Amino acid sequence: MENRSCSACLIKSKAAESLIDNELELLGQNCVEVAFERGETLFKQDALSSNIIYLQKGLVKIIMQGPQRKQILRLKKAPCYLGVPTTMGDKINHYSAVALEPTTVCFIDLGAFKSLLRLNTEFSYEIIVELCKNELEQFHRCVTLVQNQIFGRLAVNLLYMANTIYHSGEFDLPLSRNELADLICTSRETVSRMLSELDQDGIIEVNGKHIRLIDTKKLEEISKNG
DNA sequence: GCATTAACCACAG
DNA sequence: CTGTGGTTAATGC
């Protein structure tokens, strides 16, 4: 197997920035880079997991099969780590990850990852920070989903895509209406209706998957009150 | 009661 | 895969 030269990598994680030469070597010997197309599964719920995944480039959806239906837990954009909780926390994956656009990831051997956590405290620290930020985001998402009405939930997620994922008020939805419904816990019909209603009210412009935010102020209001 | 919200069903592009 | 219309159940004045 060809060794990765992680030291030369230009898209190192913040944690990996703090690794020294021989640690990067260890990482390089124990990781593999893989490219995925849109729709391909990076890892699957219920499968044995023995890798930590570093999402180098791209966008994925994290999904969990519930008792009733599929739930989209959240979208994750590179660069970030995936599967730390599900790989460290149990033998099998508790959720799946599917690419939403061409995506590049590094599969890191769990043993090597654990070694790095022990060897380099700065590395561990950065991993903990990332995990904590994730947990906070999840808590907020949870409260939004439970307490906001659907307009509010939709608005929050449109703003998230514009601000955090695409850094633009104009973007193409990476999800179908159905998936968007799975993300904000509603039905696909309701998503369709709400999008056209926001369009009619001149708050956003909808053209199939293409979205343009027009009245961001209003949308923010809806995201807080609706 | 009456209005609102949102799910479910059916059917058409 | 989407959009729309009708129906219905739950909840709140």
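Proteins come first, then strands; the chains are lettered A, B, ... in the order of their sequence lines, and each starts at number 1. In this text the structure is predicted, and so the values were computed from the model without any measurement.
- Taking atom CZ of residue A/R177 and atom P of nucleotide B/dC8, one finds them 19 Å apart after rounding to whole Å.
- One atom, CD of A/Q147, and another, P of C/dT11, lie 17 Å apart when rounded to the nearest Å.
- A donor atom on one side chain and an acceptor atom on the other are found under 3.5 Å apart for A/Y81 and A/S13.
- A close approach under 4.0 Å does occur between a side-chain nitrogen or oxygen of A/S196 and OP1 or OP2 of C/dT4.
- For the pair A/I150 CD1 and B/dC8 P, the computed distance is 11 Å after rounding to whole Å.
- Looking at A/D109, its side chain does come within 3.5 Å of a backbone N or O of A/A112 through a donor-acceptor pair.
- When all heavy atoms of A/L158 and A/F171 are compared, the closest pair comes out as O-CZ, 3.9 Å.
- Taking the ring centroids of A/F123 and A/F113, they lie under the 6.0 Å cut-off.
- We find that CG of A/N207 is positioned 14 Å from C1' of C/dG3, with the value rounded to whole Å.
- Rounded to whole Å, atom P of B/dC8 lies 12 Å from atom CZ of A/R193.
- For the pair A/K209 and C/dT2, the criterion of a side-chain N or O lying under 4.0 Å from OP1 or OP2 is met.
- Across all strands shown, A/Q149 has heavy atoms under 4.0 Å from sugar-phosphate atoms exclusively, and none from any base.
- Per the geometry, CG belonging to A/L145 stands 13 Å off P belonging to B/dA6, to the nearest Å.
- The separation between A/E179 atom CD and C/dC1 atom P is 8 Å, rounded to whole Å.
- Whole-Å rounding puts the A/L175 CG to C/dC1 P distance at 12 Å.
- Between A/E189 and A/N148, it is A/N148 whose nearest contact on DNA chain B lies nearer the 5' terminus.
- For A/R188, taking side-chain heavy atoms from C-beta onward, the closest of the listed nucleotides B/dA10, B/dA7, C/dC1 is B/dA10.
- At the phosphate of B/dT5, neither OP1 nor OP2 sits under 4.0 Å from any side-chain N or O atom of A/T190.
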